[in-house]
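For reference, the structure discussed in these notes is given below.
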There are 2 protein chains.
Amino acid sequence: MNNFTFHTPTQYIFGRDAEMKAGEMSAKLLGKNILVVIGGGSVVRSGLLDRVFASLDAAGVAHSLLKGVKPNPTDRLVYEGIDIARRENITGILAVGGGSVIDTAKAVALGALYDGDFWDFYCGNAKPENALPVGTILTIPAAGSEGSGNSVITREADLRKLGVRTDSILRPLFSLMNPELTFTLPPEQTAAGIADMMAHIFERYMSPTANVELTDRISEGILKAIIEEAPKVMANPEDYDARANIMWSGTLAHNGVCGTGRVEDWACHGMEHELSALYDVTHGAGLAVLIPAWLAYMAQHAPAKPAQLARRVFNISEPDDTQAALLGMTALRNFFHSLSLPVTMAELGIENPDIPELVRRVLINKGEKFGGYYIIDADIAIQIYRLAL
Amino acid sequence: MNNFTFHTPTQYIFGRDAEMKAGEMSAKLLGKNILVVIGGGSVVRSGLLDRVFASLDAAGVAHSLLKGVKPNPTDRLVYEGIDIARRENITGILAVGGGSVIDTAKAVALGALYDGDFWDFYCGNAKPENALPVGTILTIPAAGSEGSGNSVITREADLRKLGVRTDSILRPLFSLMNPELTFTLPPEQTAAGIADMMAHIFERYMSPTANVELTDRISEGILKAIIEEAPKVMANPEDYDARANIMWSGTLAHNGVCGTGRVEDWACHGMEHELSALYDVTHGAGLAVLIPAWLAYMAQHAPAKPAQLARRVFNISEPDDTQAALLGMTALRNFFHSLSLPVTMAELGIENPDIPELVRRVLINKGEKFGGYYIIDADIAIQIYRLAL
């Protein structure tokens with residue numbers, strides 16, 4: 001096991017009516033003049049935003065609004081938010097939505113206290129040392145951003161999609177998590193969120209670090225719970241307990257506990273980010289296509305850990321590692337299919353992907369060689385994208 | 001799943017040389033004039049205390065010393081610590097040791113800022129609202145106190161052993177965890193620590209709350225990791241990776257993540273506290289005796305969850321719940337035995353326990369009816385103690 005630091009200061013308030021704590025928690029942790037960040041109209045149409053505003057008003061918290069965050073959020077709205085934050089002397093930021101909204105809020109929180117361009121943090125030219133406090137009200141369980149120190153933003157000018165990762169500076173100070181708010185999610189968004197949270201575990205589980213039995217077992221446990229609960233939320237979107245298990249899984253999948261003490265992988269995320277940037281596909285759907293392709297490659301070249309996954313999570317009893325890994329990959333594909341997720345580029349709606357361009361871009365953003373469990377170069381990246389066709 | 005709040009602000013620095021951060025972290029989070037709390041002579045003899053003092057001196061942190069904490073720590077040393085804290089205007093407390101030392105440090109941290117008797121918090125007459133900041137350097141993985149908001153103290157006058165539990169006020173602000181510091185633990189202390197951390201998971205896993213698949217699976221995962229790693233540390237006390245897995249398991253077993261969203265049990269802990277108080281046995285060894293007895297009773301009266309445990313953790317394939325639960329109980333007893341832990345009162349060195357007195361005391365401290373998964377009264381408590389003979 002490698003040395004590590006782990007610091008997760010987020011206060012979670014989880015359950016029915018959690019969003020009613022917006023005023024109290026904002027007053028305590030975000031200050032008296034906050035910026036509320038939202039996406040499209042669903043939080044308006046559902047009445048959630050009105051309830052949040054009422055809670056803030058009752059607590060004496062003034063609020064400005066930044067709206068219009070879209071999936072695969074871009075820098076344009078971040079700059080707009082930073083302008084508001086500076087102009088209005090904003091003391092903290094409350095994100096009401098899913099990962100895109102929260103990641104935008106985090107980018108604004110970083111940029112508002114920084115003299116230069118906030119993009120410096122994303123392209124690696126500056127290291128985050130300070131940010132406005134962020135709170136969240138989660139409506140889409142997927143990205144895990146409600147508990148993570150991470151944020152991913154796409155730059156519109158060149159469609160570079162880059163992430164920043166901090167130990168704790170970008171972790172929300174509080175997250176209000178009411179599973180009922182996820183009852184109305186469209187099935188494809190529920191399913192994509194499930195693939196995303198499973199991917200956050202895969203990317204940590206697929207590690208070259210040996211002797212990490214504890215985090216292996218925790219990772220396998222969360223994956224098993226997701227596999228058990230996912231069909232329930234698809235069959236009955238208002239199954240509170242299943243929604244609650246899925247929502248909390250999304251947080252624990254990405255709060256870092258599964259990665260403590262080990263080198264992580266993140267090759268699939270890197271390769272997916274280019275799919276999302278070029279073809280604007282849903283992140284989770286792109287991952288449902290690329291992870292099985294990655295597993296198919298690894299079954300041939302480094303089957304040990306994929307075989308362990310197959311045996312422990314998918315109950316594959318095959319003794320040969322390569323065969324076990326392939327059977328596990330098939331089981332995962334079947335599981336994704338059962339949620340109506342795409343598992344090929346064609347099913348994702350990309351008939352003729354420009355693989356050379358995808359690879360060119362991934363090497364720019366991830367480096368000539370990337371990955372943790374197995375090192376990927378241009379040739380291997382081409383093969384994995386092809387396995388996803 | 002029930003509503004919950006979850007807040008774990010402890011900063012963990014885990015790995016080789018972690019203790020060398022004592023000065024830096026204390027200066028940052030405990031202030032410039034701290035009280036160092038230790039137990040017997042092992043941290044002195046090993047040179048650890050000298051290294052810690054050197055680190056504190058280098059960081060300009062002044063330090064007083066409270067020494068002599070014993071297993072099943074009592075109020076006497078807490079009062080002594082509170083006196084020092086007040087007299088010396090102590091700004092924070094650094095515990096260097098295991099659960100007893102950390103629990104004592106937490107009690108001092110509470111009492112130093114309270115006008116009344118610190119015992120008020122333990123017997124339920126006052127609710128903790130404020131405490132001096134606490135940091136830890138962990139040397140015995142067992143109690144999980146390095147990450148928990150809990151503390152357990154025994155009052156010498158009447159041997160009442162009571163705990164206080166907070167959401168986050170008593171959680172250490174930092175914990176420095178170097179698995180190498182556990183290489184020299186005597187085997188019986190290593191084994192008792194393993195039983196204690198497993199018990200912390202059992203007490204949460206055995207819940208009447210339905211539909212908590214995620215925390216069930218995480219609990220089972222940590223248990224499986226402990227069962228895998230425990231024989232390695234017993235066979236080779238200097239197996240760094242196995243020690244690291246066990247050490248981090250002890251933290252995650254008791255930081256609350258296994259209990260999110262569910263009613264917990266804690267009957268075995270309540271019954272064990274009376275064993276420790278009356279017969280001064282090691283807490284973990286007492287739990288290794290009482291948990292199988294509790295499981296044996298439950299196999300007859302409420303076998304569902306014990307059967308799930310047996311099937312998922314001990315790979316029991318028996319279809320009948322009662323039989324499966326009994327086989328799981330036997331597997332657990334065999335596992336404890338394989339670590340040279342006692343599994344009966346006789347093996348614990350208590351030939352003729354005063355069961356009426358044990359039950360009388362447990363009812364005083366836990367109430368006439370206690371437990372979560374299954375409600376225990378005086379009659380049932382007698383039967384469980386008898387099953388442990």
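Below, read A as the first sequence line, B as the second, and so on, with proteins coming before strands; counting in each chain starts at 1.
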Are there residues of residues 222-231 of chain A whose heavy atoms fall under 4.5 Å of chain B's heavy atoms? If so, which?
A:Ile222, A:Lys224, A:Ala225, A:Glu228, A:Glu229
Residue-level interface, residues 207-215 of chain A with chain B, non-hydrogen cut-off under 4.5 Å:
A:Asn211, A:Val212, A:Glu213, A:Leu214
Residues of residues 239-254 of chain B under 4.5 Å from chain A (heavy atom pairs)?
B:Tyr240, B:Asp241, B:Ala244, B:Asn245, B:Trp248, B:Ser249, B:Leu252
So for B:Thr8, is it side chain, backbone, both, or neither that comes closer than 4.5 Å to the heavy atoms of chain A?
both
Roughly how far, to the nearest 0.5 Å, is CG of A:Asn3 from CE of B:Met177?
12.0 Å
Give the member of A:Glu220, A:Arg171, A:Met1 that has the highest number of heavy-atom pairs under 4.5 Å with chain B.
A:Met1
About how many Å separate CZ of A:Phe14 and OG1 of B:Thr5, when rounded to the nearest 0.5 Å?
12.0 Å
Between atom CD1 of A:Ile13 and atom CZ of B:Phe4, what is the distance when rounded to the nearest 0.5 Å?
11.0 Å
If you tally heavy-atom pairs under 4.5 Å against chain A, which of B:Ile218, B:Thr260, B:Asp167 wins?
B:Thr260
Region of A:Ser175 that comes under 4.5 Å of a non-hydrogen atom in chain B
neither
Do any of residues 128-144 of chain B have a heavy atom less than 4.5 Å from a heavy atom of chain A, and if so, which, in residue order?
none
Spacing of B:Asn2 atom CG and A:Arg16 atom CZ [to the nearest 0.5 Å]
9.5 Å
If we ignore hydrogens and angles and just use 3.5 Å, is the side chain of A:His7 paired with the main-chain N or O of B:Pro9 as donor and acceptor?
yes
